Amino acid sequence: MSVQSDGRFTMTIDPIDRNAYTITGEMFWEEWQKTYYFAIVWDSDSDDWDTYGHTFDGTTLSLNGGTDSGEYDFNNDGDMTSCTVHFIFDLSN
């Protein structure tokens, strides 16, 4: 995953059983009721965005989208299945 300073990102997914592919979008902080939530809008569905729970301990940033925060074709049949998106970034290097 490559993230630009303006929040735009490119992520390459390279499954074992099929060709690699790239998805893009934008990450940003969304304010709601005086609280900020980490949010992602995927370019493939720019009319919708999801908020993600987040934790940061100084070296690890964890983002958890919860139920239905993503979709993936698990059995490679062309049909996307709802799933949970959870990112863990190790920033110690």
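Because the structure is predicted, anything quoted here is derived from the model rather than measured.
Considering CD1 of I40 and CE of M27, their distance stands at 4.5 Å, rounded to 0.5 Å. We find the OG1-CE distance between T22 and M1 to be 11.5 Å, quoted to the nearest 0.5 Å. Interatomic distance, CD of E30 versus OG1 of T51, reported as 8.5 Å (0.5 Å rounding). In this structure, CD1 on I88 lies 9.0 Å from CG on N64, to the nearest 0.5 angstrom. Note that OG1 of T59 is 4.0 Å distant from CG of D57, once rounded to the nearest 0.5 Å.
Annotation: side chain of S69 is in contact with side chain of Y52 (closest heavy-atom distance under 4.5 Å). Between W42 and D50, the closest side-chain pair of non-hydrogen atoms falls below 4.5 Å. Contact check for L91 versus T60: no side-chain heavy atoms found under the 4.5 Å cut-off. Contact annotation: the side chain of Q4 never approaches that of T10 to less than 4.5 Å [non-hydrogen atoms, C-beta and beyond]. Residues Y36 and H54 form no side-chain contact, since every pair of their non-hydrogen atoms from C-beta on lies 4.5 Å or further apart.
Within a 6.0 Å sphere centred on CG of D6, heavy atoms belonging to other residues, nucleotides or ligands number more than 12. Within 6.0 Å of the CZ atom in F89, the count of heavy atoms belonging to other residues, nucleotides or ligands exceeds 12.
Grouped with F28 in one hydrophobic cluster are V41, W49, the linkage being side-chain heavy-atom contacts under 4.5 Å among Ile, Leu, Val, Met, Phe, Trp and Tyr residues. Cluster partners of Y37, by chain and number: W32. The rule joins Ile, Leu, Val, Met, Phe, Trp and Tyr whenever side-chain heavy atoms lie under 4.5 Å apart.
Across all their heavy atoms, A20 and P15 have their closest contact at CA-CD, 4.3 Å.
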Under the side chain to side chain contact (heavy atoms under 4.5 Å, CB included) criterion, do F87 and M11 qualify, and how do the steps go? CA-CA 12 Å; F87 298 102; M11 179 170 43; 3.6 Å; yes
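Linking ILVMFWY residues whenever their side-chain heavy atoms come closer than 4.5 Å, directly or via other members, leaves V85 and M80 in distinct clusters.
Remark: the backbone N or O of G25 is paired with a side-chain donor or acceptor of R8 at under 3.5 angstrom.
No hydrogens or angles considered: a donor-acceptor pair under 3.5 Å links the side chains of T24 and D43.
Within the structure, side-chain hydrogen bond (donor to acceptor under 3.5 Å, both in side chains) pairs that include any residue of residues 81-92 comprise S62-H86, D68-S82, D90-S92 (at least two apart or interchain).
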